[in-house]
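I have placed the structure first, in the form of structure tokens, so that the comments after it can refer back to it.
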Amino acid sequence: EPGCVERAAGITSVSRGYVDDLKSRYPGCKGVLMETIPFGVSESDWELASRIGKVPWEEKFQDEQVWLNLGRLAPSMRKALEAFFYSLSRKPPPVGTMILLIGTSYQSGQVSELDPVALAARICPGVRVEAWPGRLPMLDALRCLQRAGRLVFLGSDEAAYTPSRLFPYLMAKKPLLAVLHSQSPAFQRMAASEAPGLMGFTAGEDPKGVGEKIAGLAWDRGVNLYQDLYTAKMMSRDLCKLFDRVADTEGVSSKIKRG
């Protein structure tokens with residue numbers, strides 16, 4: 001990293017927090033052009049997933065009865081996960097609903113760092129919760145989002161964390177519960193759109209208290225927050241704009257040669 005930053009004429013990051021960390025760690029890079037470009041979503045991938053994507057546990061994936069959380073469960077997501085389960089203990093889902101957590105580990109076949117089934121058994125024992133720790137191919141993951149009845153989006157205690165699945169979630173236009181750090185970029189983007197199923201939390205909050213507030217949310221309607229602003233095409237446009245700015249910067253050619 002130090003060698004790359006020293007030679008960089010431009011830097012991109014998915015979160016402003018990561019840019020600030022770099023500036024703090026490497027004072028010499030403060031004059032380098034930097035741009036925050038979040039993870040986007042490809043419309044062509046979305047269409048392809050509807051045709052050839054597959055879901056795991058086909059016999060269990062009863063579409064409208066599945067409430068799906070897609071992605072890794074890191075230790076920093078424990079508060080959001082516990083808050084979600086506490087909300088289910090206060091306001092159980094309809095009979096027949098399965099809470100399904102897919103791709104909870106970075107390594108296929110390994111148990112996730114958080115055990116959602118064990119946590120659920122302690123907090124909301126009457127709710128059916130199952131986990132598929134293995135990672136999925138991208139098109140299969142998108143197909144799961146397309147087929148699930150509701151979506152659950154759990155964030156991290158780290159305010160700078162920007163999950164790559166945010167805009168695919170929004171593109172699904174399904175009922176969505178998002179439990180996110182109130183200072184995170186994902187929370188701020190969704191708050192600007194007045195998402196009905198959005199719940200923010202801070203580092204010092206108790207998960208049980210957050211769960212009580214989640215239980216009071218109405219998130220049974222489809223969310224239509226997807227914007228062209230975050231398509232792969234628009235993200236590529238922003239990246240090209242940064243390249244143009246870097247190319248116009250005096251002295252950039254010498255940095256490229258030295259690299």
For this session: Applying salt bridge (Lys or Arg N to Asp or Glu O under 4.0 Å), run through Glu212 and Lys91 and close with a yes or a no.
Result: CA-CA 9 Å; Glu212 292 278 348; Lys91 186 179 179 181; over 6 Å; no
Euclidean distance, [Y] [atom2] relative to [X] [atom1], rounded to 0.5 Å:
| X | Y | atom1 | atom2 | answer |
| --- | --- | --- | --- | --- |
| Leu180 | Gln188 | CG | CD | 10.5 Å |
| Lys241 | Ile37 | NZ | CD1 | 10.0 Å |
| Leu142 | Leu48 | CG | CG | 9.5 Å |
| Arg143 | Phe61 | CZ | CZ | 9.0 Å |
| Thr36 | Leu242 | OG1 | CG | 10.5 Å |
| Met199 | Phe187 | CE | CZ | 8.5 Å |

What heavy-atom pair brings [X] and [Y] nearest, and what distance separates the two atoms?
| X | Y | value |
| --- | --- | --- |
| Cys29 | Leu22 | SG-O, 3.7 Å |
| Leu151 | Ala148 | CD2-CB, 3.9 Å |
| Ser76 | Ser156 | OG-OG, 3.0 Å |
| Ser50 | Gln146 | CA-OE1, 3.3 Å |
| Val152 | Asn69 | O-OD1, 2.9 Å |
| Ile102 | Cys144 | CD1-SG, 4.0 Å |

For this session: Could you label the plane-to-plane angle of the Trp219 and Trp67 rings as parallel, tilted or perpendicular, counting under 30° as parallel and over 60° as perpendicular?
Result: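 Taking Trp67 first and then Trp219, their aromatic rings stand perpendicular (interplane angle over 60°).
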Does the [X] side chain pair with the main chain of [Y], one donor and one acceptor, at a distance under 3.5 Å?
| X | Y | value |
| --- | --- | --- |
| Glu35 | Ser13 | no |
| Lys174 | Leu145 | yes |
| Thr97 | Pro93 | no |
| Arg90 | Tyr86 | no |
| Ser24 | Asp21 | no |
| Arg150 | Leu68 | no |
| Tyr169 | Ala178 | no |

Exercise. Hey, mind stepping through Leu176 and Met190 against side-chain contact (heavy atoms from CB on, under 4.5 Å) and telling me if it holds?
Worked result: CA-CA 11 Å; Leu176 171 63; Met190 293 188 67; 3.6 Å; yes
For this session: List the steps and the verdict of side-chain contact (heavy atoms from CB on, under 4.5 Å) for Leu81 and Leu101.
Result: CA-CA 11 Å; Leu81 181 63; Leu101 302 100; 4.0 Å; yes
Close side-chain approach of [X] and [Y], heavy atoms under 4.5 Å:
| X | Y | answer |
| --- | --- | --- |
| Arg165 | Phe153 | yes |
| Arg245 | Asp248 | no |
| Pro207 | Lys79 | yes |
| Ser42 | Thr231 | no |
| Leu119 | Arg78 | yes |
| Phe39 | Pro168 | no |
| Asp140 | Pro137 | yes |
| Val179 | Ile214 | yes |

For this session: Starting from the C-alpha separation in whole Å, work towards a yes-or-no answer on side-chain contact (heavy atoms from CB on, under 4.5 Å) for Leu170 and Leu166.
Result: CA-CA 6 Å; Leu170 296 180; Leu166 172 60; 4.3 Å; yes
Exercise. In this structure, are over 12 heavy atoms from other groups packed under 6.0 Å from Glu158 atom CD?
Worked result: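 No.
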Exercise. Has Arg221 got more than 12 heavy atoms of other residues, nucleotides or ligands less than 6.0 Å from its CZ?
Worked result: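 Counting neighbours around CZ of Arg221, 12 or fewer heavy atoms of other residues, nucleotides or ligands fall under 6.0 Å, so no.
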Problem set entry | Carboxylate-amine/guanidinium contact Lys208 Glu82, below 4.0 Å |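 A salt bridge is absent here (no side-chain N lies under 4.0 Å from a carboxylate O).
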Exercise. So, Arg147 and Glu58, do they make that salt bridge, N to O below 4.0 Å?
Worked result: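 Here Arg147 pairs with Glu58 in a salt bridge, since their nearest N and O are under 4.0 Å apart.
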For this session: Spell out, yes or no, whether Val117 and Phe84 are grouped together once hydrophobic residues are joined by side-chain heavy atoms under 4.5 Å, including indirect joins.
Result: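 No, Val117 does not connect to Phe84 through the hydrophobic network.
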For this session: Give a yes or no on whether Ile52 and Met138 share a hydrophobic cluster (residues Ile, Leu, Val, Met, Phe, Trp, Tyr; joining criterion: side-chain heavy atoms under 4.5 Å apart).
Result: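 Same hydrophobic cluster.
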Problem set entry | Test log, rule side-chain contact (heavy atoms from CB on, under 4.5 Å), inputs Trp132 and Thr104 | CA-CA 7 Å; Trp132 178 284; Thr104 57; over 6 Å; no
Problem set entry | Distance-only donor-acceptor check, side chains Tyr26 and Glu1, under 3.5 Å |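 Distance-only check passes for Tyr26 and Glu1.
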